[in-house]
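Side chains included, hydrogens not; waters and symmetry mates left out as well; all remaining heavy atoms used. Residues take their numbers from the sequence shown, with the count starting at 1.
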Amino acid sequence: MVSETETTNPEADRPVILIVEDEALTIMDLGDVLEEGGYDTLQCASAERALSILQARPDICGLVTDVELSGRVNGFELATSVAQARPELPILIVSGRAAPDPERMPPGAEFISRPCAGADILARLKGLMLQC
């Protein structure tokens, strides 16, 4: 049986994606694209904050991270930590400066180079989500 809140709030069951990016305009734009694409987003600027959010929110079902972040941990290190803690979680690493060094990429993670459109990131994320 469907409850009243489920019928009046169609976004209640949208998948939640964590975006980790330290450039304000980039994270806002990407958040808008992902939300228009059917996802809810949580956003932060550092890997340290991302790890605490991931521990507190088991409902997060995908991670999109830049390589260069605020704080001491970069996006490759974040992705590796997340892949060890939650190996089923789809991870997309995005960068306009770093290359996708195979030794730094955790198993199952994908890399997309900038410049790219938000729609490119959305399409790649949707592809990763299908593999889960």
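- When side chains are defined from C-beta on, Val82 does not count as touching Thr65, because their heavy atoms never get closer than 4.5 Å.
- Partners of Asp120 according to the side chain to side chain contact (heavy atoms under 4.5 Å, CB included) rule, which considers only residues two or more places apart in sequence or in another chain, are Ile112, Cys116, Ala117.
- In the displayed structure, Arg124 atom CZ is contacted under 6.0 Å by more than 12 heavy atoms of other residues, nucleotides or ligands.
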Report the C-alpha separation of Gln43 and Leu34 in whole Å, then their side-chain angles, then the decisive distance to 0.1 Å, and conclude whether the side-chain contact (heavy atoms from CB on, under 4.5 Å) test is met. CA-CA 11 Å; Gln43 304 169 3; Leu34 295 185; over 6 Å; no
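- Arg49 places no side-chain N or O within donor-acceptor distance of the main-chain N or O of Gly71, the cut-off being under 3.5 Å.
- Considering only heavy atoms from C-beta on, Ile121 stays 4.5 Å or farther from Val33 through its side chain.
- The closest side-chain heavy-atom distance from Ser46 to Val73 is not below 4.5 Å.
- Using a 4.5 Å cut-off on side-chain heavy atoms (C-beta onward), Arg72 and Glu77 make no contact.
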Output, in order, the C-alpha distance, side-chain angles, deciding distance and verdict of side-chain contact (heavy atoms from CB on, under 4.5 Å) for Val20 and Asp66. CA-CA 6 Å; Val20 189; Asp66 190 19; over 6 Å; no
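- Under the 4.5 Å side-chain criterion, counting only non-hydrogen atoms from C-beta, Glu21 is not in contact with Leu30.
- Nearest heavy atom pair, residue Pro15 against residue Gly38, reads CD-O, 3.6 Å.
- The shortest heavy-atom contact between Leu128 and Gly108 is CD2-O, 3.8 Å.
- Under the rule for a side-chain hydrogen bond (donor to acceptor under 3.5 Å, both in side chains), Glu48 has no partner lying at least two apart in sequence or in another chain.
- In this structure the side chain of Tyr39 reaches within 4.5 angstrom of the side chain of Lys126, judged on heavy atoms.
- Under the rule for a side-chain hydrogen bond (donor to acceptor under 3.5 Å, both in side chains), the partners of Arg57 that lie at least two apart in sequence or sit in another chain are Asp59.
- Atom OG1 in Thr80 sits 8.0 Å away from atom CD1 in Ile91 (nearest 0.5 Å).
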Let me see the working for Met129 and Ile17 under side-chain contact (heavy atoms from CB on, under 4.5 Å), right down to the final yes or no. CA-CA 10 Å; Met129 300 290 284; Ile17 305 298; 4.0 Å; yes
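- The two residues Ser95 and Val67 come nearest to each other via the heavy atoms CB-CG2, 3.5 Å.
- The heavy-atom pair separating Cys44 from Leu18 by the smallest distance is SG-CD1, 4.2 Å.
- If you take CG on Leu42 and CD1 on Ile60, they are separated by 5.0 Å, rounding to the nearest 0.5 Å.
- One finds no salt bridge joining Glu23 and Arg114 here, because no Lys/Arg side-chain nitrogen approaches an Asp/Glu carboxylate oxygen to under 4.0 Å.
- Side-chain atoms of Ile93 and Arg104, non-hydrogen and from C-beta on, never get closer than 4.5 Å to each other.
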